[in-house]
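Order of appearance sets the numbers: ligands from 1, and atoms from 1 within every ligand.
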Amino acid sequence: MASELEPEVQAIDRSLLECSAEEIAGKWLQATDLTRELYQHLAHYVPKIYCRGPNPFPQKEDMLAQHVLLGPMEWYLCGEDPAFGFPKLEQANKPSHLCGRVFKVGEPTYSCRDCAVDPTCVLCMECFLGSIHRDHRYRMTTSGGGGFCDCGDTEAWKEGPYCQKHELNTSEIEEEEDPLVHLSEDVIARTYNIFAIMFRYAVEILIWEKESELPEDLEMVEKSDTYYCMLFNDEVHTYEQVIYTLQKAVNCTQKEAIGFATTVDRDGRRSVRYGDFQYCEQAKSVIVRNTSRQTKPLKVQVMHSSIVAHQNFGLKLLSWLGSIIGYSDGLRRILCQVGLQEGPDGENSSLVDRLMLSDSKLWKGARSVYHQLFMSSLLMDLKYKKLFAVRFAKNYERLQSDYVTDDHDREFSVADLSVQIFTVPSLARMLITEENLMSIIIKTFMDHLRHRDAQGRFQFERYTALQAFKFRRVQSLILDLKYVLISKPTEWSDELRQKFLEGFDAFLELLKCMQGMDPITRQVGQHIEMEPEWEAAFTLQMKLTHVISMMQDWCASDEKVLIEAYKKCLAVLMQCHGGYTDGEQPITLSICGHSVETIRYCVSQEKVSIHLPVSRLLAGLHVLLSKSEVAYKFPELLPLSELSPPMLIEHPLRCLVLCAQVHAGMWRRNGFSLVNQIYYYHNVKCRREMFDKDVVMLQTGVSMMDPNHFLMIMLSRFELYQIFSTPDYGKRFSSEITHKDVVQQNNTLIEEMLYLIIMLVGERFSPGVGQVNATDEIKREIIHQLSIKPMAHSELVKSLPEDENKETGMESVIEAVAHFKKPGLTGRGMYELKPECAKEFNLYFYHFSRAEQSKAEEAQRKLKRQNREDTALPPPVLPPFCPLFASLVNILQSDVMLCIMGTILQWAVEHNGYAWSESMLQRVLHLIGMALQEEKQHLENVTEEHVVTFTFTQKISKPGEAPKNSPSILAMLETLQNAPYLEVHKDMIRWILKTFNAVKKMRESSPTSPVAETEGTIMEE
Ligand SMILES: [Zn+2]
Ligand SMILES: [Zn+2]
Ligand SMILES: [Zn+2]
């Protein structure tokens, strides 16, 4: 065997092997200038061990390094043979209760869905199997590498923070004990010395940027002319390009080139040629020349072999430090102290700071080695974790900017440590109050999105590939914001309030740049030539969805914060739409003796935007005012009287009208980008902070204004005002205009508008809007999903919105509303709606897509036929509104509403003379049904001293006044009951008439019946 080795290699080995670790350590113990001694030793030996030829010999290098370099350090540290010294340290150690196992790529990790504070809290397999969570609902994933086991972290788990192995010994005192008490003074002093010198050496050599010159104290007397041509990885060039280039540049085989490329990709760099300077330079220039044509060239450096040698040893040293501190928490504490000690240059001069700030300049391999060391040292020491968190926050802006301009993946950036720091609730809270972290994250984010339009809104149009690339990277900042917000405070200090609200201000600035972004104009005549960019804006909205919800949750947890946030949000909305008229012409609308001032604005002719996050946040906060009862407890602290309902509803209404017009086919020429936007607006991923909130904002508006005024403005925005305000307009319209498309369009718009009114009155299942709780809300979602068809678990989950913890809340309520039908021989198990839940079915449930709605209608009618019941699908009985929204129901009995209902029924009665549709009629019937249900409930809950002011039955019994003398709504319904062309709707009309009679009876027998004669005027106040 020996004869096969090259003689030169053997010779070197022999000279090195003569070193004695004990002797060297002895010399160091006597040294007056230990730094100098150590550096001389390294300067002499490192280049003799590492980088002796074209290819690395890792095993040989490691063996020699241990013998000549690390061994003496271990002797020095222990003051004796480390074979005895380390076990002693280990025995004296009181180990921490944190597991901290750092995950490898592909390793399984477990999180408990019942007990984890958030989904980033995970356990390694060993800890999981030894924990109580193995019997809970858990989620298994495979690690992408990086991150560590949270076993033992009491902040990460609501219950069962320790596995059996890391169980806290009950006799021990909780934490906070100084781990140094278990070490002798001597060991402490020597460890400190060796760690300080070696850690500094490693940092200095790793961030060293000169290519042929060593730091002064490591420079050698005679320097050989041996260089490496070092190739670095980037994410721009493909494997094939690199392999092809290498074959040309260094004249290697394809197999060798593949080997080089693989190592470059894995470690971040690899020498591709070894030899004298000229020889390496030549290879470099070929590589650069060959790869600079399309993009920036591959990064190549010609480096002196001694620099590479020291850098390789520097990495070895960091791993060595990581393993040495495993022997004792005291050693780990010393390393943390050394790492965070400020250097001679003040701020940012600690070793930890210097490494972080050089992160994006380091190659992949170096980064992952020092990240691992940070995780096993700084993040495992409770005291230093805090100090490190502060350093991380102070450098946050710079680290993120470096990351955005760097082209490496997130997992290779030190910025990725944010998940380890920000998800610790106590650290997040401290960083918010002491370092203003929320504002810093949001401002950093905004700094990276500089493209704005004339109004200061984000602009993603004509977006270059580079901007798109940067935008993707910038999104990780939103994730950081999410981490910071993930655990909601249970207690608020004044500092926390102040800093949260500062962060909230910054957040509003961000939303302000989104309010009205990507405005669109209806295309008439030709189709659009190029689909406009829309995805970036939606990506931003989608990524922010949970953050917006979490912001609201934070506000909800403190009354003072909620009040201030509400005021701030309103102020920003006023800035956005100060003069909400935006220069449009004022006009007056009047129907049935009511009139209102508004502006002339047509969605189909002017700019309109789907992005209204400020309006929607205010809607969310408004609901919270109601839910938390702050609106009733402190009305004097709220600017409710400053609210202008027409201003609040204007933009959300435009957005909903846009959807209606798209549905009516009026925007066909705008292409798919618009279709996609409308789709996402309603989609389960976005709707909670888009569509749902627009509905809430309109509900807010109606509950604060005269419903007649609201309806007239609504008619006007739907561009239907003429039809309902001009007597017989409909007749003229259908007879004069033969253009079928326009008739069809208007019919659809009327249907859509009626649908929207149904939603405004019927959607009261958000806690705060109606008197319900979160469970009722999720139950209702499930009932409606299962009304379409029985569903498998996974299918059902997909149809429900997930919260920031990826939970839908389904499991806690599913048994109350569904049966589980076990799978047959093939196929999946299915959830089926319980029969008793069918009565809660609402045909106009607002989260149904068109297709779902018609499927659900069909399924429910079929079910009724099977049960030999009539097939009417009357509106369900609804929970009462919260007081803040209570007056909303009056929209159903307002004059304008009755006029709309009467007009459409009239069209149906004289069915040949008008353009009308069955869907339109069906919706009117539904609305009448809702009004009857409402009145019935009012009567059921009536008390002696209250007058029932909801008098729909009386209003629909009255015929129209002279000169028209049109029949009453009731009379028309009676006529329609016998209309042969309305067979499908007969059951529903019959149900209405039956309910009408029941309500009438109730009213007659109710104690307040004498008031009935004058009721008509009560509602007008
Ligand atoms: Zn573990
Ligand atoms: Zn454990
Ligand atoms: Zn658990």
Is the Zn ion (ligand 2) less than 2.8 Å from at least one N/O/S atom of Cys124? no
Does Glu804 reach the main-chain N or O of Val547 with its side chain, forming a donor-acceptor pair under 3.5 Å? no
Going by an N to O cut-off under 4.0 Å, is there a salt bridge joining Asp406 and Arg367? yes
Atom CE of Met140: over 12 foreign heavy atoms under 6.0 Å: yes
Confirm or rule out an N/O/S atom of Cys151, from backbone or side chain, lying less than 2.8 Å from the Zn ion (ligand 1). no
Can an N, O or S atom be found in Cys127 less than 2.8 Å away from the Zn ion (ligand 1)? yes
Nearest 10°: the angle subtended at the Zn ion (ligand 3) by His133 ND1 and Cys115 SG? 110°
Could you tell me the angle subtended at the Zn ion (ligand 3) by SG of Cys112 and ND1 of His136, rounded to 10°? 110°
With no hydrogens and no angle check, just 3.5 Å: does a side-chain donor-acceptor pair link Arg688 and Ser766? no
List the residues meeting side chain to side chain contact (heavy atoms under 4.5 Å, CB included) with Ser493, not counting sequence neighbours, and say none if there are none. Glu495, Leu496
Both conditions, 6.0 Å and 45 degrees, for the charged tip of Arg333 above the ring of Tyr384: are they met here? no
The Zn ion (ligand 2) has as its nearest N, O or S atom from His166 the atom ND1
Is the Zn ion (ligand 1) less than 2.8 Å from an N/O/S atom of Cys99, whether that atom is in the backbone or a side chain? yes
